[in-house]
Visitor: 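The structure under discussion is supplied below as structure tokens; questions concerning it will follow.
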Number of protein chains: 2
Amino acid sequence: MPKGRDVKQSSAGKVLNVLDLFSEENPAWTVEMIMEKLGATRATAYRYVKSLYDAGLLAPGAASTYVLGPRIMQLDRQIRRSDPLLKIAKPILDDNQSPLIGAKSISSFYGDQVLSIYVERCDPDIFLTMERGKNFPLIYGSPSRAVLAYLPPYQMKNFYSSNSAEIAEAELGDSLEEFRASMRKIRRKGCCVGNEVNNRVFGVSAPIFHDKSSVSASLTFVRRIEITSEEQAEQLTKDVIETANRISKCLKDYRPAEGDQGLIFPTPRLAG
Amino acid sequence: MPKGRDVKQSSAGKVLNVLDLFSEENPAWTVEMIMEKLGATRATAYRYVKSLYDAGLLAPGAASTYVLGPRIMQLDRQIRRSDPLLKIAKPILDDNQSPLIGAKSISSFYGDQVLSIYVERCDPDIFLTMERGKNFPLIYGSPSRAVLAYLPPYQMKNFYSSNSAEIAEAELGDSLEEFRASMRKIRRKGCCVGNEVNNRVFGVSAPIFHDKSSVSASLTFVRRIEITSEEQAEQLTKDVIETANRISKCLKDYRPAEGDQGLIFPTPRLAG
DNA sequence: ATAAATAATCTCGTTAAATGAGACTATCAG
DNA sequence: CTGATAGTCTCATTTAACGAGATTATTTAT
């Protein structure tokens, strides 16, 4: 549970920074490009690349470039296969075949952000921007806010003090008290509605708990906005809350098969 | 293009070794457990964990454990979104709706292994062991061998000299000449049949090239073995070769939208 | 198959960072 | 508020990262 981010960075940290360079627009880097970007010498750049290559996080690409490596896909598979939330939620979601649901999505809470970990398209005509691996700040979008609203008081206060400007801008309150009131409102409703993330759909998110009072994720049902009536929206809302509750119930009872390792999803702790 | 694996390891390498601890059986580790496993002191173990946490590769889990972090899912998404092979192959695969195909799968070549990067189930009753992120040695299974057979002579020789025992055991030849002959046989057929990986299915794999003579992946079509006749197997074989060829053709013509970064799939270089 | 071009690694003195041991502090539960 | 535990800090010591250029491995063109 890291306390605060130090300004100084370890050598390993500098090596791992290289991963930041790889973006959708710039997925392939030559060592020369990395040297220039980092202001490092040739030897250093090669050493960094070698460390990452040895770990499988980079792979040689065509034209003497490097690209993100196979280990990343392997590790993601590892996560998919060992995530109790996915294991538990999938059958429960499959069980709900309501034709109102255009897509189902689970977002997981990671301290300072919320990350989509599962997306299932039910309506073939729906346009989705969510996909596994897409992340959002804690304040943006209904999947995030469904989590935010259930943070323990201590963390809620922390979050407010380091994000008061953004909170005010999002019209969630101009003071800690107002912010708390907004969050209370979401809790009273039991879910959070929104289409910030994708304005072509109606989305409604409900929190998932892994413990009596610890939120660890949220479930979102979405539906094309142009085919959604008032009553349908209400029905979808009820539905997402109920399904999320069923998942929470199973999670609370869950213990890993062997050993006594405890639960293994991220705990709801705020970073920073 | 790493030469050989040094015995000595960098500090960053030692940090990245921590990722190896996380397995399906053991997905959550306390720092105490890591200390013990690594033989490191408390301070060192915490420093390692902090480096990985800062990079998002680890996340705090319940009961003061750490688990694989959100960054891994984000990076995998990055790869999915920037992989030209996926982009090009998907529409071509969607175009082929032959009822003979029980599942389609693409495996990508990563120097010393072959990794499944895409799996699509067509027959709902088929049992699949393949999934994105699952890797195989270059010698095992038809997806791997379809790649192996097309390695350039230089690499083929290298591979033989460092894997002659395994090659003999797999009955691919007791000498370099015999091995070359086995590979030539696969090339003459244009594909590779097998069910080593999953004995409930008939699988046939054909190579995908990103360049006149550089193999970079393989396409596999599988079908439940109990419903596959001789003629169907033959048809599937023709089909996979033709579809792989169509993908290769598109890949050869492909250039990234902007800039002149060249192709960005892994190049066919053997590690070690 | 061979040779030229390029990519990646090695060597070594110098500088900077990792390590270990134990004290210290933040966080969480009751 | 208090106690228990998780995580961090300090500092002397050891070890590894760094830079510059020479060297070797790999690829490509002939």
Side-chain angles (χ1 to χ4, degrees), chain A residues 1-15 17-18 29-35 38-54 58-66 111 151-155 157-158 211-214 262 267-272, chain B residues 1-18 29-35 38-54 58 60-66 111 151-159 211-214 262 267-272:
Chain A
M1 162 227 304
K3 220 184 332 193
R5 43 207 66 208
D6 285 23
V7 183
K8 226 188 281 179
Q9 210 181 16
S10 65
S11 173
K14 285 190 255 170
V15 173
N17 280 342
V18 173
W29 289 73
T30 64
V31 176
E32 295 283 328
M33 288 159 67
I34 295 174
M35 278 172 60
L38 263 55
T41 60
R42 187 199 313 299
T44 299
Y46 271 106
R47 276 187 280 246
Y48 285 8
V49 167
K50 187 179 191 315
S51 291
L52 294 168
Y53 168 83
D54 285 345
L58 291 184
S64 13
T65 61
Y66 282 85
L151 287 186
Y154 177 85
Q155 294 188 2
K157 199 179 126 221
N158 266 4
D211 179 301
K212 192 155 199 257
S213 61
S214 306
T267 49
R269 270 180 263 174
L270 274 180
Chain B
M1 157 228 304
K3 219 185 330 193
R5 41 208 68 207
D6 285 22
V7 183
K8 228 188 276 179
Q9 212 182 13
S10 66
S11 174
K14 285 191 253 172
V15 173
L16 289 170
N17 279 342
V18 172
W29 289 74
T30 64
V31 177
E32 296 284 327
M33 289 159 66
I34 295 174
M35 277 172 61
L38 261 56
T41 61
R42 187 200 312 301
T44 298
Y46 271 106
R47 277 189 280 245
Y48 284 10
V49 167
K50 187 178 189 317
S51 290
L52 294 168
Y53 167 83
D54 285 345
L58 291 183
S64 13
T65 61
Y66 283 85
L151 288 186
Y154 179 83
Q155 294 189 3
M156 181 99 62
K157 198 180 128 220
N158 266 4
F159 182 77
D211 180 303
K212 188 148 203 259
S213 61
S214 306
T267 47
R269 272 182 260 174
L270 273 181

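Every chain is numbered from 1, with letters handed out A, B, ... down the list of sequences.
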Visitor: Specify the angle, to 10°, made by the local axes at the two ends of the helix from C:dA1-D:dT30 to C:dG30-D:dC1 when five pairs are taken at each end.
Guide: 80°
Visitor: Which atoms of nucleotides 19-23 of chain C (N or O only) lie under 3.5 Å from a protein N or O atom, and what are those distances?
Guide:
residue: C:dT19; atom: OP1; partner: B:Tyr48; partner atom: OH; Å: 2.6
residue: C:dG20; atom: OP2; partner: B:Thr41; partner atom: OG1; Å: 3.1
residue: C:dG20; atom: OP2; partner: B:Thr44; partner atom: OG1; Å: 2.6
residue: C:dG20; atom: N7; partner: B:Arg47; partner atom: NH2; Å: 3.0

Visitor: In Å and rounded to the nearest 0.5 Å, what is the CD1 to CG distance from A:Ile34 to A:Asn17?
Guide: 12.0 Å
Visitor: Please name the pair of heavy atoms, one in A:Leu52 and one in A:Val15, separated by the smallest distance, quoted to 0.1 Å.
Guide: CD1-O, 3.5 Å
Visitor: Mind calculating the distance between CE (A:Met35) and C1' (D:dG21) to the nearest angstrom?
Guide: 13 Å
Visitor: Taking only the side-chain nitrogens and oxygens of B:Tyr46, find out if one of them lies under 4.0 Å from OP1 or OP2 of D:dG7.
Guide: yes
Visitor: What is the distance, to the nearest angstrom, from the NZ atom on A:Lys50 to the C1' atom on D:dC18?
Guide: 17 Å
Visitor: Can you list everything that forms a side-chain hydrogen bond (donor to acceptor under 3.5 Å, both in side chains) with B:Thr44? Sequence neighbours excluded, please.
Guide: B:Thr41
Visitor: Give the rounded distance in Å between these two atoms: CG of A:Asp54 and C1' of C:dA8.
Guide: 13 Å
Visitor: Which residues pass the side chain to side chain contact (heavy atoms under 4.5 Å, CB included) test with B:Thr30, sequence neighbours left out?
Guide: B:Glu32, B:Met33, B:Thr65
Visitor: Between A:Pro60 and A:Tyr53, which heavy-atom pair has the shortest distance, and what is it?
Guide: CD-CE1, 3.6 Å
Visitor: When you check the side-chain N and O atoms of B:Ser10 and A:Ser51, is any donor under 3.5 Å from an acceptor?
Guide: yes
Visitor: Return the value, rounded to whole Å, for the distance between atom CE of B:Met156 and atom P of C:dA1.
Guide: 14 Å
Visitor: Can you find a heavy atom in the side chain of A:Leu38 that is under 4.5 Å from one in the side chain of A:Tyr48?
Guide: yes
Visitor: How long is the line joining CG of B:Leu52 and P of D:dG7, in whole Å?
Guide: 14 Å
Visitor: A:Tyr66 has a side chain; which of D:dA17, C:dA18, C:dA8 sits nearest to it?
Guide: C:dA8
Visitor: Please report the distance, rounded to the nearest Å, between CG in B:Leu16 and C1' in C:dA18.
Guide: 15 Å
